[in-house]
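Any value given below was found using the heavy atoms of this structure, including those in side chains, with hydrogens, waters and symmetry copies removed. Quick caveat: nothing in here was measured; it's all calculated off a predicted structure.
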Amino acid sequence: MDFNAWRRRRISEPAFRWARKAMPGLSDTEREAIDAGDVWWDADLFTGDPDWNKLLSVPRATLTEAEQQFLDGPVTQLCAMLDEWDITWRRGDLPEAVWRFLREHRFFGMIIPTSYGGLGFSPYAHSEIVRRISAYSVTAGVTVMVPNSLGPGELLLQFGTPEQRDYWLPRLADGTEIPCFGLTSPEAGSDAASMTDTGVVCRQVVDGQQVLGIRLNWRKRYITLGPIATVLGLAFKLQDPDGLLGGKTDIGISVALVPTNSAGVTIGRRHLPSMQVFQNGPTEGKDVFVPLDALIGGPGKAGHGWQMLMSALAAGRGISLPSLSAAAAVYSAHVTGMYARVRQQFGIAVGRFEGVQEKLGRLAGNAYMVEAARRLTCAALNQGHKPAVVSAIMKYHATERMRESVNDAMDVHAGKAVIDGPSNYLGSLYRALPIAITVEGANILTRCLIIFGQGAIRAHPYLMREILALGDKDEARGLQTFHDVFWTHLTHSVKNGFRAWGRAWTGGLLTRAPSSGPIARQYRRLSRYASAFALVADVAMGVLGGALKRREMLSGRLGDILAELYLLSAVLKRWEDDGRCQADLPLVQWCMDDGCARLETRFDQVLANLPQRPLAWALRAIVLPVRLNRGPSDALTRECAELLLSPSPTRARVVADLQRGRGDDAVAQLERAFALVHAVQPLLDRLKREGVRDWRLAHQAGAITDEQAREIEAAQDAVSQVVAVDDFMPGEFARPSV
């Protein structure tokens, strides 16, 4: 008997017919979203046996000489011009001098090639610039990031005609044109396919000549730079009821460039997102006529708008918000460590209290991890990848870690961060948190529908081919393809099941690691969980089929596991790229212990909620026979907290060039107080050992010199300045006119 023919008839065919009924077909928008971008390290994690040498061979993201000079020059100059209190509460906008500076130095053309007059910077440089600016001003950071992210510039580079690029890109690069992008409709937020904005192909007389074009009607909201934009990238549903293009009537989502001075366009009104004053507002258009060549990519790209948007988002989502999030996480760790060191309660620095150290340890760990993931993602983008799933991971998890970090910073600062004014360096950032959580796809939907939902189809070694086979209109061909892939998939799953079982029951001790150094164990831990993830994901998809798409809590937890594996991979890569600094090992250990505890919690939750209970019990016995990870120890958390409380090379690497170093804003004052307190602490410790409670008495007695007394007094004055909060006379408030 031909065994292959037997298993095809007895197993593959019934499975094929069952799966065709059970698995929902991919909609056009889903298919376009899945086709956009590519896969990268996420695909290795999905195999269950990641090749760590492949990860370590990824070139570290670096800056060119021109990019570094731009950071040291125009970016530094720009940051010195930014006063967030003045911007938010006095002006309600960036000062005109800042707008002029942004145009003159082509901040809006970072991604535009030099051949079109732009800066031609790499994704890493783009990210570094946004990160640096965002640490000074959320308003300025958002203003710079948006034109270089999802918008006309990115879409023109990828899909524009040569004529469109030649005209628009130089004007965007030098700030002659200010772009915005209109996607979100009141009726359709994350469900962009439900937008009601329309365009109808028609003929209209323009300047005495009949022109073939599109009559547009739209209503959009939440459009950043919308109130001041001169050109609007518009997403709409294109229809051709008279067949003027010679094709179908309902063409689909398309994208056009619309000058905002066109008749029928309404802009200018502003939203006020969480009291942030970056330019954002609604836009409407009524019977706005544009020629057919306004379509980005020309008429040939009509109906391809959703694919274009997803392709652009696959890269942009991995840069803009992760850069802002990394800035916020590192900034929060920086200022909170300093404040906890200089602020005293009950005669000791508040950073010595264990309750505060718990927050500080997490701040240090999150800062290290988010920055590591940002760098790794930029390294992939620099290589030309457009890792859509990784970008979604970064969008969700970087912003969530940012939220965690800023909340921890607020807890430690207490009243200092509650009273608004020029000396409050956290309040504006705290208010901005909800913005990052909702833009570029609401975090809830990103977690529940995209990371695992699309990741499983994109990154799984076999699933996409099986889905395509199931949807093949030629049933015989589809069955043959399905048969071949199905058995390869099954063999892979069986092997991975044994691998996951062996690694779980040995703690990963027999797993390969790329080195025998101090973090070899961490590679083995991640390999163990990657095997477990691949097996549990396969079983969940096999058992639930298309229903898993509707089981969003399960899908979200599986996505959390994939994301945590990526973030922890980035931590290990950062440690290697930074030169294997032994002093940084506490941060690596904290991230790994915290991440592995999160992984086991998510595995436990998935297995507790799989509907097929006997199968869930069997899986638990294979992949999670016992909970081994409870998170970082108290001693390790204290060790990480201490890294933020004193100057050191490790602290400098965590802060990652966000120190003010000069100027007289509130953060610069805090940095000076931190340095002065650290400098006089040995002297104060000596006096304490000698039983002297008041340094002034010691000075009078000649126990310390005049210079030493001046140093102590300067430190105390600096601390008093930092601890002070703002107050105002009635009527002194000047609300921004937005």
Side-chain angles (χ1 to χ4, degrees), residues 79-80 82-85 135-136 330-353 356-357 359-360 363-364 367 405-406 408-430 641-652 654-688 693-696 698-699 704 706-727:
C79 290
L82 300 173
D83 179 342
E84 190 74 336
W85 173 258
Y136 284 78
V330 170
Y331 175 84
S332 296
H334 178 44
V335 298
T336 307
M338 292 189 296
Y339 185 77
R341 177 63 188 84
V342 305
R343 180 75 164 104
Q344 290 195 356
Q345 293 281 270
F346 308 106
I348 60 174
V350 298
R352 306 300 181 195
F353 290 94
V356 173
Q357 288 186 327
K359 305 287 187 180
L360 291 175
L363 278 163
S405 293
V406 176
D408 282 343
M410 292 291 292
D411 285 351
V412 174
H413 280 80
K416 168 67 178 177
V418 171
I419 304 302
D420 268 323
S423 63
N424 186 340
Y425 43 77
L426 277 175
S428 180
L429 181 59
Y430 179 75
E642 288 293 336
L643 292 175
L644 296 182
L645 293 172
S646 300
S648 70
T650 294
R651 192 187 197 284
V654 171
V655 171
D657 300 324
L658 292 189
Q659 301 99 322
R660 292 290 199 266
R662 59 183 178 277
D664 198 41
D665 67 7
V667 177
Q669 293 170 7
L670 177 59
E671 288 173 345
R672 284 197 293 274
F674 180 63
L676 290 170
V677 167
H678 178 75
V680 303
Q681 193 59 52
L683 178 58
L684 294 175
D685 290 342
R686 192 200 86 192
L687 294 177
K688 186 175 182 180
R693 293 182 175 273
D694 190 334
W695 63 270
R696 294 176 182 81
H699 182 222
I704 61 175
D706 291 345
E707 178 63 26
Q708 289 173 327
R710 283 193 294 270
E711 290 174 356
I712 295 174
E713 186 172 27
Q716 291 189 342
D717 289 345
V719 171
S720 296
Q721 189 177 31
V722 165
V723 172
V725 296
D726 298 290
D727 52 66

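Using a cut-off of 4.0 Å between Lys/Arg side-chain N and Asp/Glu carboxylate O, E713 and R710 are scored as not salt-bridged.
Looking only at side-chain heavy atoms (C-beta outward), I348 and F353 come within less than 4.5 Å of each other. In this structure the side chain of K416 never reaches within 4.5 angstrom of the side chain of V723, judged on heavy atoms. Between V335 and V667, the closest side-chain pair of non-hydrogen atoms falls below 4.5 Å. When side chains are defined from C-beta on, Y331 does not count as touching V406, because their heavy atoms never get closer than 4.5 Å. Annotation: side chain of E84 is not in contact with side chain of L429 (no heavy-atom distance under 4.5 Å). Two residues are said to be in side-chain contact when any heavy atoms from C-beta on lie closer than 4.5 Å; E642 and R352 meet this criterion. Residues L643 and R651 form no side-chain contact, since every pair of their non-hydrogen atoms from C-beta on lies 4.5 Å or further apart. Taking the side chain as every heavy atom from C-beta outward, V677 and R341 approach each other to under 4.5 Å.
Minimum heavy-atom separation, L363 to S332: CD2-CB, 3.9 Å. Contact record, I712 with V680: N-CG1, 4.0 Å, taken as the closest heavy-atom pair. Taking each heavy atom of D420 and G427 in turn, the nearest pair found is OD1-CA, 4.2 Å. Across all non-hydrogen atoms, the minimal contact from V412 to K359 is CG2-CB, 3.8 Å. Nearest heavy atoms, W85 versus P422: CD1-CG, 3.5 Å. Heavy atoms only, all atoms of each residue included: V725 and G415 are closest at CG1-O, 4.4 Å.
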*Evaluate the criterion side chain to side chain contact (heavy atoms under 4.5 Å, CB included) for residue pair H334 and V654; output intermediate values, then yes/no.*
CA-CA 8 Å; H334 178 44; V654 171; over 6 Å; no
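The line from CG of D717 to CG of L676 is 9.5 Å long, rounded to the nearest 0.5 Å. One distance of note links CG of L670 with CD of Q721; it measures 10.5 Å at 0.5 Å rounding. To the nearest 0.5 angstrom, L360 atom CG is 5.5 Å from L645 atom CG. One distance of note links CD1 of I704 with CD of E711; it measures 9.5 Å at 0.5 Å rounding. Considering CG of N424 and CG of D726, their distance stands at 7.5 Å, rounded to 0.5 Å. In this structure, E671 CD and D665 CG are separated by 8.0 Å, a value rounded to the nearest 0.5 Å.
Below 30°, between 30° and 60°, or above 60°: for H413 and Y339 the angle between ring planes is below 30°, a parallel geometry.
The backbone N or O of V350 lies less than 3.5 Å from no partner atom in the side chain of Q344, so there is not a single donor-acceptor pair.
Looking at Q681 and D685, their side chains do bring a donor and an acceptor atom within 3.5 Å of each other.
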